[in-house]
Amino acid sequence: MTCQITDFKQEHKKEMRAVQDSMDVLNGKWKIAIISSICFYNQRRFSEILNDVEGISNRMLSKELKELEINKLIKRTVLDTQPVTVHYQLTEHGLTLKTIINNLTEWGIAHRKKIIEG
């Protein structure tokens, strides 16, 4: 019986570590909003993301996009145009977040409705 409790505790620790790993990648005020912007349109330019994510500065958006790229969630494509155009889209790995983004959206709509209704 003690073995089962130990196994359960070990499994719980693995789950908690996985949650922490996820939060480390998606940490911060802006990352989920940025991913959501790209996810909704499939592909976005820097200025379009800047317009979608209310309150974010150019510098912060640039920093967050670099971190998302390092974590292989988004792909940055530079087009040879005048002026240079840069597109961002979710990678195959980033697309795995689509269900989570959709669930967060649905939950946020329901939550706002619940709060407003009192």
Side-chain angles (χ1 to χ4, degrees):
M1 189 122 197
T2 308
C3 185
Q4 288 178 340
I5 292 171
T6 304
D7 290 345
F8 181 76
K9 285 182 179 179
Q10 287 297 87
E11 189 61 32
H12 179 70
K13 282 185 178 183
K14 285 181 188 176
E15 287 181 6
M16 293 305 295
R17 193 173 319 119
V19 168
Q20 191 59 53
D21 289 346
S22 300
M23 294 306 295
D24 287 346
V25 172
L26 301 172
N27 184 3
K29 183 176 180 178
W30 309 109
K31 284 193 179 82
I32 291 184
I34 293 166
I35 292 168
S36 180
S37 171
I38 298 168
C39 186
F40 187 79
Y41 292 99
N42 294 321
Q43 180 174 288
R44 296 299 271 167
R45 293 190 338 250
F46 185 91
S47 60
E48 293 169 331
I49 299 169
L50 194 61
N51 289 331
D52 284 348
V53 182
E54 197 172 305
I56 194 168
S57 68
N58 285 8
R59 188 174 179 181
M60 181 58 74
L61 178 56
S62 180
K63 175 188 165 294
E64 298 287 59
L65 287 167
K66 283 177 187 168
E67 287 180 18
L68 290 168
E69 190 176 8
I70 287 168
N71 282 295
K72 300 186 184 317
L73 296 176
I74 63 169
K75 178 184 173 193
R76 180 178 186 265
T77 305
V78 180
L79 303 175
D80 189 20
T81 58
Q82 284 297 334
V84 172
T85 306
V86 180
H87 285 151
Y88 296 91
Q89 62 190 93
L90 295 178
T91 61
E92 192 174 320
H93 181 54
L95 284 169
T96 62
L97 292 169
K98 196 167 190 154
T99 302
I100 294 167
I101 296 297
N102 291 339
N103 288 342
L104 278 171
T105 301
E106 290 171 15
W107 186 88
I109 290 167
H111 177 68
R112 180 175 293 269
K113 185 177 178 183
K114 182 127 182 119
I115 296 300
I116 290 171
E117 288 176 355

Mind checking whether [X] and [Y] sit in one hydrophobic cluster, side chains of I, L, V, M, F, W, Y counted as touching below 4.5 Å?
| X | Y | result |
| --- | --- | --- |
| Val19 | Leu73 | no |
| Trp107 | Ile100 | no |
| Met23 | Ile70 | no |
| Ile35 | Phe40 | no |

Using side-chain heavy atoms (C-beta onward) and a distance below 4.5 Å, is [X] in contact with [Y]?
| X | Y | value |
| --- | --- | --- |
| Tyr88 | Ile34 | no |
| Leu65 | Arg76 | no |
| His111 | Ile115 | yes |
| Tyr41 | Glu48 | no |

At their closest point, which heavy atom of [X] faces which heavy atom of [Y], and how far apart are they?
| X | Y | value |
| --- | --- | --- |
| Thr81 | Thr85 | OG1-OG1, 2.8 Å |
| Asn42 | Lys98 | OD1-NZ, 4.0 Å |
| Trp30 | Val53 | CE3-CG1, 3.3 Å |

Lys75 atom NZ: more than 12 heavy-atom contacts under 6.0 Å: no
Is it true that a side-chain atom of Ser36 and a backbone atom of Ile32 form a donor plus acceptor pair closer than 3.5 Å? no
For Ile49, does its backbone N or O pair with a side-chain atom of Ser37 as donor and acceptor, under 3.5 Å? no
Contacts satisfying salt bridge (charged side-chain N to carboxylate O under 4.0 Å, His left out) that involve residues 99-108 (not counting sequence neighbours) are none
To the nearest 0.5 Å, how far apart are [atom1] in [X] and [atom2] in [Y]?
| X | Y | atom1 | atom2 | value |
| --- | --- | --- | --- | --- |
| Thr91 | Leu97 | OG1 | CG | 8.5 Å |
| His87 | Ile74 | NE2 | CD1 | 13.0 Å |
| Lys14 | Asp21 | NZ | CG | 13.5 Å |
| Gln20 | Lys13 | CD | NZ | 14.5 Å |
| Ser22 | Asn27 | OG | CG | 11.5 Å |
| Lys113 | Glu117 | NZ | CD | 5.5 Å |

List for me each residue that meets salt bridge (charged side-chain N to carboxylate O under 4.0 Å, His left out) alongside Lys63, sequence neighbours excluded, and say none if there are none. Glu67
